[in-house]
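Everything below concerns the one structure shown next.
When a residue number appears, it is its place in the shown sequence, counting from 1. Counting convention: from 1, in listed order, for ligands and their atoms alike. Basis for what follows: all heavy atoms, side chains included, without hydrogens, waters or symmetry-related copies.
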Amino acid sequence: MLAGSRIEEVRNEVTELAQAVPGAQEFMQTMVKLLHHRMLKYNWVGFYLLEPGAKPPMLVLGAFEGAMTPHTRIPLNQGICGAAASSGQTVVVDDVSKDPRYLACSLETKSEIVVPVFVHGKVVGELDIDSHFAAAFTSEHQDLVQHCAKLVGKKMETAGQ
Ligand code: SME
């Protein structure tokens, strides 16, 4: 099977899931399982959510699939995760060993993508994916992960966080 068609299939599955699942938490839990299971190079898939009212702001590990990470709480001035949440921009790192911001989760991780989740225009969290393969997150993958993060934001807007 071509990689492109797998991405298209998974995009459709996630879109259908958004319609089938009523709550945001359940949506995130099912989504991380689906992405981890279906996308063979997505070796760790998880959400970090901004802790409500925390000062300074703090990202807290939410639903995830893959090995347990030591980074369950990440301030916004640390890690690739902090960079994505504080800038509101997708961050893609093709070789984590060359990025000084990187906080190691697994020794096997080679590349990472972090996409912010927005609710009414504000960052509320992010979808973080690690791969054991260098440069795994090509533009097609970025589109898929951004689509997933957008659906979660929309679900939170309609169903509540
Ligand atoms: N690598 C992330 C930390 C989270 S773990 O990958 C699950 C970072 O640099 O922020």
Starting from [atom], find the nearest protein heavy-atom neighbour and note its residue, name and distance.
| atom | value |
| --- | --- |
| atom 4 (C) of ligand 1 | Y48 OH, 3.3 Å |
| atom 7 (C) of ligand 1 | C105 SG, 3.3 Å |
| atom 8 (C) of ligand 1 | I80 N, 3.3 Å |
| atom 9 (O) of ligand 1 | L103 N, 2.8 Å |
| atom 6 (O) of ligand 1 | D130 OD2, 2.9 Å |

Donor-acceptor contacts, no H, no angles, side chain residues 25-33, under 3.5 Å, sequence neighbours left out:
residue, atom, partner, partner atom, Å
T30, OG1, E26, O, 2.6

As an exercise, identify every atom of ligand 1 less than 4.0 angstrom from a heavy atom of [X].
| X | answer |
| --- | --- |
| G79 | 8 (C), 9 (O), 10 (O) |
| Y102 | 1 (N), 9 (O) |
| D128 | 4 (C), 5 (S), 6 (O), 7 (C) |
| W44 | 7 (C) |

Quick one: pull up [atom1] in [X] and [atom2] in [Y] and give me the separation to the nearest 0.5 Å.
| X | Y | atom1 | atom2 | result |
| --- | --- | --- | --- | --- |
| M39 | S131 | CE | OG | 10.0 Å |
| Q19 | L151 | CD | CG | 9.0 Å |
| R101 | C81 | CZ | SG | 10.5 Å |
| E13 | H37 | CD | NE2 | 9.0 Å |

Do you see a donor-acceptor pair shorter than 3.5 Å between the side chains of H71 and Y48? no

Region of V96 engaging ligand 1 - heavy atom pairs below 4.0 Å: neither

Quick one: does ligand 1 sit under 4.0 Å from the side chain of F64, the backbone, both or neither, non-hydrogen atoms only? neither

Should one rank E112, M68, H71, Q78 by closest heavy-atom distance to atom 2 (C) of ligand 1, which comes out on top? E112

Which donor-acceptor pairs under 3.5 Å do side chains of residues 102-116 form with protein atoms, sequence neighbours excluded?
residue, atom, partner, partner atom, Å
S106, OG, E108, N, 3.0
S111, OG, F133, O, 2.6
S111, OG, A136, N, 3.2

Just say parallel, tilted or perpendicular for the rings of F64 and W44, cut-offs at 30° and 60°. parallel

